[in-house]
Amino acid sequence: MKTDFIPLDYDYFDFQGRNYIRIIGRSSKGKRICIIDSCPVFFWAILKDEVDKEKIEKLMRKIAKIKIDAKGRNTRVEKVEAHSKNFLGKKVRALKIFATNYKDLHDIADELDFDEIEKRRGYDLGFITHYIIEKKILPCNWYEISGGILNNSLEFGGMDMAFNVDFFIKLEKAEKIDGVIFKPKIIAYDIETDEIQIGKGEILMISLISDGLKKVITWKKPGKFPDVEYVKNEAELLEKFSEYVKKISPDFLVGYFSDGFDLPYLKARAEELKVKLDLGLDGSEPKFSRGIELTGRIKGIVHIDLLKFIKTAYSQYMQSETLSLNEVAGEFLGEKKKEWKHKHSSKIEDDGWEKYYEYNLQDSVLVFRLFEKIWPDILEFSRVMSEPIFEISRNGMSKNVESYILHHLENFNEIPEKRAMHEEISKRMNLGKYEGAFVFEPTPGLYENLAVFDFTSSYGSTIVTYNLSKSTLLEKAEKDAHMIEISGEKFYFSKKPGFFPEMLREIIELRKKYKRELKINPDAIKMARSNAFKLLANAAYGYQGFFGARYYSREAAASTAAFAKKLIKEVIDLINAEKYKVIYSDTDSIAFPLGKKTEKQTLDFLKKLNSQLPGIMELELEGFFKRGIWVTTRAGKIGAKKKYALLGNDGKVKIRGFETVRRDWCPLARKMQDKVLRMILSSGNEKESLEYVKETIKKLNKRKIEKSELIIRTQLKKAILEYKSISPHVIAAKKMEEMKIPVSEGNIIEYYIAETKEKTKLVREKVKLPEEEGEYNIEYYLEHQVLPAVENIFQVFGVETKDIIDEHGKKQGKLSKWM
DNA sequence: GAAGTGGATATACC
DNA sequence: ACTGGTATATCCACTTC
């Protein structure tokens with residue numbers, strides 16, 4: 001049989017002691033196809049330099065005889081070959097040792113305690129990754145495949161009969177082709193329960209959205225509500241859900257925080273009610289694996305938890321303060337969740353249920369639309385990293401960098417480095433920090449007509465330019481090498497291109513290429529591809545400094561920061577030498593007023609600068625800005641770093657670091673500061689904004705400010721009991737516990753500071769929950785929220801605090817006097 | 001018990 | 001455990017006089 005095919009979900013099984021890959025995907029005609037394939041199973045033994053040919057042959061014969069009986073399997077070495085390979089950039093002789101089962105490679109490697117062998121590598125990639133590298137059946141790419149159909153066959157123990165697919169094919173040949181645009185079939189789902197703790201309460205309803213399906217299944221309050229389907233009880237609810245999933249047979253089952261809530265909840269309730277939650281294509285139930293977080297896998301259907309992907313791929317560029325579905329959907333779709341105040345189902349009035357159903361349905365609608373929106377990114381991530389969607393949608397960026405490397409090693413004839421084990425990891429973690437980026441101390445003030453330059457992929461370009469990696473680090477000083485001094489110690493890197501910097505060079509080039517193509521002819525896929533490469537380039541530096549990395553190199557990471565620091569300082573000097581005056585710089589950006597120069601002169605100068613930069617280092621214009629403001633730190637007279645506001649020539653305001661952008665300040669202070677900054681930037685003076693602040697303070701004093709504007713939000717980052725220092729939000733969390741409001745690690749705790757009868761000094765003793773009765777503490781909000789947010793800004797104009805709070809211009813003593 | 005200081009904590013920047 | 005370091009600011013916890 002011959003068909004086109006796009007691989008979506010990979011897993012593997014053992015049959016008669018051997019490993020087989022099972023790939024589930026689709027044809028362009030929408031048929032569900034499962035293919036079975038296998039690949040050579042092997043790892044590498046790297047030989048010591050001095051071992052001669054004769055010894056190698058003897059060793060190979062010895063190794064070829066290895067047989068082990070592990071975990072009830074008889075595994076044996078099938079074949080041994082000698083190869084010339086590279087390991088960490090060095091030429092090595094290595095034995096390629098083939099065995100019958102991937103899972104036993106580690107055990108076989110353990111048997112190889114021969115003197116001739118230096119290292120054993122390539123047994124810890126995971127069979128799926130190993131297979132993809134070997135056979136190049138890449139996820140989310142189109143193939144023309146051919147092979148024999150298994151139809152009620154006993155090959156593989158009759159597995160084809162158990163799988164609910166259109167075709168079950170034993171793969172013989174696969175050829176990559178340009179396929180059509182793939183539009184996956186998905187179900188977005190969401191559940192509502194009585195308790196938050198997994199499995200503790202009943203599941204009241206499940207909503208499902210798919211193409212042509214929009215449904216809430218429930219066993220609760222009946223009535224004539226649109227899109228609601230009734231079943232008898234919770235058990236039937238689960239069965240019905242299962243039935244729909246099977247009927248639709250989606251490629252992806254998509255949820256939001258569904259790894260941590262919806263899917264485990266369904267499983268737990270199914271167990272409790274003795275219902276089989278047979279969602280898998282073979283009728284199997286979802287399986288969970290525990291890393292640091294729970295992940296839920298369904299055989300043949302890719303379970304996607306959008307929250308996880310959004311965290312790694314978007315969160316750093318997002319405005320949302322939390323990654324709640326409500327906020328994220330608001331930002332991506334301009335659409336929000338429906339209003340619903342959660343309460344136990346026993347307390348829901350008869351007329352409340354319709355709202356609850358609508359609420360539940362809307363959540364699935366949002367998940368469905370969110371998926372549609374970010375699908376191009378998921379797809380391109382999978383293609384770029386060459387890893388299945390299940391993996392890339394959950395992995396962090398360091399893992400993605402590593403995937404990219406592993407799938408491209410063979411271009412360099414490289415044997416993969418192993419993952420670090422526990423001991424090595426703790427050793428790396430204990431090394432402490434190295435010196436990082438340079439931040440220029442600004443002189444506080446309001447500046448006009450500014451230019452901002454920044455380095456494109458600064459650290460990535462630095463790694464490429466100076467060839468910085470584990471394999472290019474030289475042990476001794478060499479003449480023709482890249483050298484950097486870090487606090488007295490000199491580090492040398494070879495000029496012979498290493499595979500890591502070379503891969504990164506390609507990543508940066510591809511990113512530029514796709515960005516160019518995007519400009520000419522934009523579409524979502526090009527945008528996604530360009531973005532995936534951008535994220536990869538940006539994560540490469542962090543990867544080398546990450547203790548869990550296979551290609552960890554603290555020296556390379558520290559040198560990257562040091563080289564970049566040295567260069568940006570040199571560039572600042574060059575800019576100053578051109579009669580500009582740099583006023584600020586952070587890591588890879590430089591800001592300076594144009595002074596007497598024109599924009600054109602500045603752009604010409606930028607060109608000249610670029611011609612002088614080493615390697616692939618490149619400066620670009622971030623923008624011209626009409627005005628910018630820098631303030632002092634709270635304590636001293638020195639300029640505050642990482643805190644400024646700019647007004648672009650395009651009218652856009654860019655605010656960094658100020659309380660405005662910090663979620664742990666109350667809305668009143670944030671909004672007021674934002675307005676003040678905008679007023680000052682557009683007018684060039686403080687007059688108008690000062691009046692505005694005085695008005696605000698008056699309102700506060702008259703209690704005319706709504707309590708909702710005074711709610712402070714702080715994240716509870718660990719369990720309440722683990723806190724050594726009991727700060728206001730910890731007290732608020734404790735109060736919530738007492739009131740039986742569920743609180744857990746990671747929650748954003750809301751509270752306000754209230755008036756108290758007793759005179760207490762500690763802020764935490766004035767904490768009240770938003771729903772608690774009480775008057776807000778005027779003094780606290782004035783002195784700890786409103787004034788601190790604007791004091792430093794007005795200071796730039798010589799306006800002092802007393803000028804802000806004293807509308808008559810007279811010095812006042814205690815605040816209470818004029819309150 | 002007030003004042004000063006360092007530590008713990010949260011959040012932002014790049 | 002699941003990229004890195006730099007920086008600001010708040011409030012608590014503790015010491016000192």
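In what follows, chains are A, B, ... by sequence order, proteins preceding strands, each numbered from 1.
If you take CD of A:Gln316 and P of C:dT3, they are 11 Å apart, rounded to a whole angstrom. Atom CG of A:Leu762 and atom C1' of C:dT10 are 13 Å apart (whole Å). Summarising the geometry, the separation between OH on A:Tyr434 and C1' on C:dT6 is reported as 12 Å, rounded to the nearest angstrom. With rounding to whole Å, A:Gln785 atom CD is found 10 Å from C:dT10 atom C1'. If you measure from atom CZ of A:Arg550 to atom C1' of C:dA1, you get 15 Å, rounded to the nearest angstrom. Distance OH (A:Tyr780) to C1' (C:dA9): 11 Å, rounded to an integer number of Å. The OH-C1' distance, from A:Tyr541 to B:dC13, rounds to 14 Å in whole Å. At whole-Å resolution of the value, CD in A:Glu402 and C1' in C:dT3 are 12 Å apart.
Contact annotation: the side chain of A:Phe500 never approaches that of A:Ser471 to less than 4.5 Å [non-hydrogen atoms, C-beta and beyond]. Side-chain contact check for A:Arg634 versus A:Glu791: some heavy-atom pair is nearer than 4.5 Å. Inter-residue side-chain proximity for A:Phe453 and A:Glu622 is flagged as unmet; no heavy-atom pair is nearer than 4.5 Å. Here the side chains of A:Leu609 and A:Ile575 are in contact, with some heavy-atom distance below 4.5 Å.
Within the nucleic acid shown, A:Gly545 comes within 4.0 Å of sugar-phosphate atoms alone, with no base atom in reach, counting heavy atoms only. When heavy atoms are screened at a 4.0 angstrom cut-off, A:Glu293 is found touching no nucleic acid atom at all. At the heavy-atom level, A:Ala437 lies under 4.0 Å from the strands shown only through sugar-phosphate atoms. Base contact: A:Lys433 has a heavy atom under 4.0 Å from a base atom. A:Tyr723 comes within 4.0 angstrom of sugar-phosphate atoms only, judged by non-hydrogen atoms across all strands, and of no base. Among the heavy atoms of the strands lying under 4.0 Å from A:Lys717 is at least one base atom, whether or not backbone atoms are also near. Counting any heavy atom pair closer than 4.0 Å across all strands shown, A:Lys761 reaches no nucleic acid atom. Within the 4.0 angstrom heavy-atom criterion, no nucleotide atom of any strand lies near A:Phe440.
Listed nucleotides: C:dT6, C:dC12, B:dT11. Nearest to the side chain of A:Arg662: B:dT11. Of the candidates B:dC14, B:dC13, B:dA8, the closest approach to any side-chain atom of A:Lys642 belongs to B:dC13. Distance from the side chain of A:Pro728 is smallest for C:dC11 among the nucleotides C:dC11, C:dA13, C:dT10. Each of C:dA9, C:dA1, C:dC12 was ranked by its minimum atom distance to the side chain of A:Phe547; first place goes to C:dA1. Of the candidates B:dC14, C:dT6, B:dA8, C:dT6 carries the atom nearest the A:Val439 side chain, counting heavy atoms from C-beta on. The side chain of A:Val661 approaches B:dA12 more closely than any other nucleotide in the set B:dA10, B:dA12, C:dA13. In this structure, of B:dC14, C:dA9, C:dA13, it is B:dC14 that holds the atom nearest to the side chain of A:Arg656. When distances are taken from the side chain of A:Tyr644 to each of C:dC12, C:dA9, B:dC13, the shortest belongs to B:dC13. Side-chain atoms of A:Thr714 lie closest to B:dT11 of the nucleotides B:dT11, C:dG5, B:dA8.
Because its NZ or CZ atom is not both nearer than 6.0 Å to the ring centre of A:Tyr552 and within 45° of the ring axis, A:Lys470 does not count as a cation-pi partner of that residue.
Between A:Glu745 and A:Lys718, no side-chain nitrogen of the basic residue sits less than 4.0 Å from a carboxylate oxygen of the acidic one, so the salt-bridge criterion is not met.
With DNA chain C read from its 5' end, the first of the two nearest nucleotides for A:Asp586 and A:Gly548 is the one closest to A:Gly548. Residue A:Asn792 is the one, among A:Ile726 and A:Asn792, whose nearest nucleotide of DNA chain C lies closer to the 5' end (criterion: closest heavy atom).
For C:dA9, the OP1/OP2 oxygens have no side-chain nitrogen or oxygen of A:His784 closer than 4.0 Å. For the pair A:Arg764 and C:dA13, the criterion of a side-chain N or O lying under 4.0 Å from OP1 or OP2 is met.
Using atom P as the reference point in both C:dT3 and B:dT9, the two lie 22 Å apart (nearest Å).
Aromatic ring pairs are classed by plane angle as parallel below 30°, tilted from 30° to 60° and perpendicular above 60°; the pair A:Trp630 and A:Tyr584 is tilted.
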